[in-house]
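See below for the structure under consideration.
Each residue takes its place number in the sequence, starting with 1. Start at 1 and go down the list; that is how both ligands and their atoms are numbered. Because the structure is a prediction, the values reported are computed rather than measured.
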Amino acid sequence: MSTIKTETAIATVVVLIGIYFLLWKSTCHSEPSFPVVKYLATKAPYVVHDHLLYNFTKKGRSVEELIPKDCQAEQIWIVARHGTRNPSDKVITKMLEELQEIQKEIIAAHEPGAVVGGQLCEPELSAIKMWQPDLDLEPANEKWLVQQGEVELEGIGARFQKTFPNIFQKDYDSRVYNFKYTKTQRAEASAKHFARGVFGYEEAKKVQYPPALDADPVLRFYKACPKWKHSVDKNPETYAEQRKFESSSIFQTMLERIQTRLGLSRPLTLAEVELLHQTCSFETAWTPDGLSPWCAIFDEDDFEILEYRQDLEYYWVDGYGHELTYKQACAPIGDILDKFNMKVTNPQSPHKVTAYFTHSGTILKFISHLGLFNDTEPLTSDNFLQHKSRKWRTSFIDKFATNIAFVLFRCSKPNSEPSYQIGALFQEHPINIPFCNGNWICPLENFQTYFQSTVNTCTEDVANMCKL
Ligand SMILES: *[C@@H]1O[C@H](CO)[C@@H](O)[C@H](O)[C@H]1NC(C)=O
Ligand SMILES: *[C@@H]1O[C@H](CO)[C@@H](O)[C@H](O)[C@H]1NC(C)=O
């Protein structure tokens with residue numbers, strides 16, 4: 001009898017402890033139940049095996065498995081965003097100064113006898129208490145590539161080399177390789193680390209780079225488009241949907257939720273929440289395996305809302321929002337055709353690899369010109385809920401080191417002329433693409449036919465549409 005009582009008592013205690021931990025887990029975000037990197041928009045670190053890839057690619061199949069047996073890779077053309085970097089000088093200054101003020105307020109709100117009382121759990125609060133600004137961070141190093149960015153680009157270079165060993169030969173030869181970066185520290189360092197991944201440390205020192213241009217006509221075409229700058233980029237109308245979303249009840253409720261969680265007796269401003277979110281994003285991107293204490297301030301709904309706020313901005317500034325934005329991206333398409341046609345007409349030509357290192361602004365306009373990740377309905381302030389499974393998700397399509405590659409394949413069947421195919425890779429995975437009718441690989445002529453008229457008139461079209 002008494003042993004049964006003891007057992008019941010023990011069982012009850014075990015169940016109660018279990019419930020306690022479940023409740024604690026569900027409200028304590030010191031170990032979130034979802035991967036934060038999923039929601040960090042354009043400040044997300046590079047992840048090769050992103051779960052979202054599976055919605056757009058051949059599920060779980062590697063490039064090697066998918067290349068048709070009779071085809072051999074002859075050339076590759078890659079454009080990549082620079083890797084994970086430092087914030088802008090403005091954000092660095094805020095992280096070093098303003099953030100410490102908010103930190104003090106949050107700590108005070110969790111002291112016994114605080115006016116309202118914060119709801120952060122003990123591990124969340126002590127992580128925030130222990131947080132100190134990174135003293136290596138200075139405004140003068142704004143936007144520099146960080147170590148995680150170096151690792152990202154080296155990894156990408158090494159994996160491309162491994163997948164296509166016959167185009168990425170290990171001995172550097174300036175006739176085979178064509179690397180280029182924009183006139184920025186982060187793009188230059190990205191190119192150099194990619195080269196290290198391909199060649200190894202010593203050989204990579206031999207790589208020659210052409211002089212970098214600020215407004216490179218292929219790598220950063222929009223820098224030479226005054227009309228786009230004036231009517232899109234610098235036009236307040238472009239940000240109207242983002243502003244409306246910020247004043248929507250979904251967004252305002254989120255701000256109040258965060259204020260309550262932190263126990264502040266005054267409303268948090270959008271700029272403050274943005275700073276907290278930016279710090280969470282950058283600190284996570286810098287050390288993806290660690291957890292920034294600032295991320296614990298947000299729950300999954302908050303992250304989704306803040307991600308959508310940024311997706312809206314990039315949709316209207318750099319994406320499908322305005323035709324002018326992506327129509328100007330014809331130059332890189334022309335560059336692919338030039339390089340590939342050169343090989344087709346002159347199979348002896350030694351050139352094999354083109355790799356460009358550039359910025360988010362180029363990647364998103366290029367993606368939109370290609371017709372990738374195009375939702376049926378535009379992103380607006382009032383359709384966040386309909387767009388829960390949208391394609392335009394910058395955390396996936398514009399994370400640091402995002403890359404798009406086109407591969408030229410020479411295919412030969414016995415007793416027939418060789419033919420050429422083009423394959424598309426996004427974040428290193430085969431991706432179904434509109435010009436291939438939704439396949440990842442198709443005859444080079446498809447690409448040519450699809451884009452020929454755009455490419456033929458690219459120079460004059462850009463001159464006309466970009467004129468102020
Ligand atoms: C994007 O999708 C919309 C709706 O399906 C379509 O009308 C538009 O032409 C597409 N844009 C591009 C650039 O492919
Ligand atoms: C990806 O596919 C899954 C399963 O079909 C779906 O639940 C999810 O919403 C999709 N995501 C996107 C971005 O399309």
Is it true that [Y] and [X] share a donor-acceptor pair across their side chains at a distance under 3.5 Å?
{"X": "Gln452", "Y": "Asn456", "answer": "yes"}
{"X": "Tyr46", "Y": "Glu428", "answer": "yes"}
{"X": "Glu272", "Y": "Thr269", "answer": "yes"}

Check the surroundings of atom NZ in Lys327: do more than 12 heavy atoms from other residues, nucleotides or ligands lie under 6.0 Å from it?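 It does not: Lys327 NZ has 12 such atoms or fewer within range.
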Quick check with a 6.0 Å cut-off and a 45 degree axis cone: is Lys234 positioned over the face of Trp228's six-membered ring?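 Lys234 over Trp228 ring: no.
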Whether Lys229 engages the ring of Tyr222 as a cation-pi pair (distance to the six-membered ring centre under 6.0 angstrom, angle to the ring normal within 45°) should be assessed.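 Not flagged: Lys229 not positioned over aromatic ring of Tyr222.
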Can you pull every nitrogen or oxygen pair between ligand 1 and the protein closer than 3.5 angstrom?
from: ligand 1; atom 1: 2 (O); to: Asn374; atom 2: OD1; distance (Å): 3.1
from: ligand 1; atom 1: 2 (O); to: Asn374; atom 2: ND2; distance (Å): 2.3
from: ligand 1; atom 1: 11 (N); to: Asn374; atom 2: ND2; distance (Å): 2.9

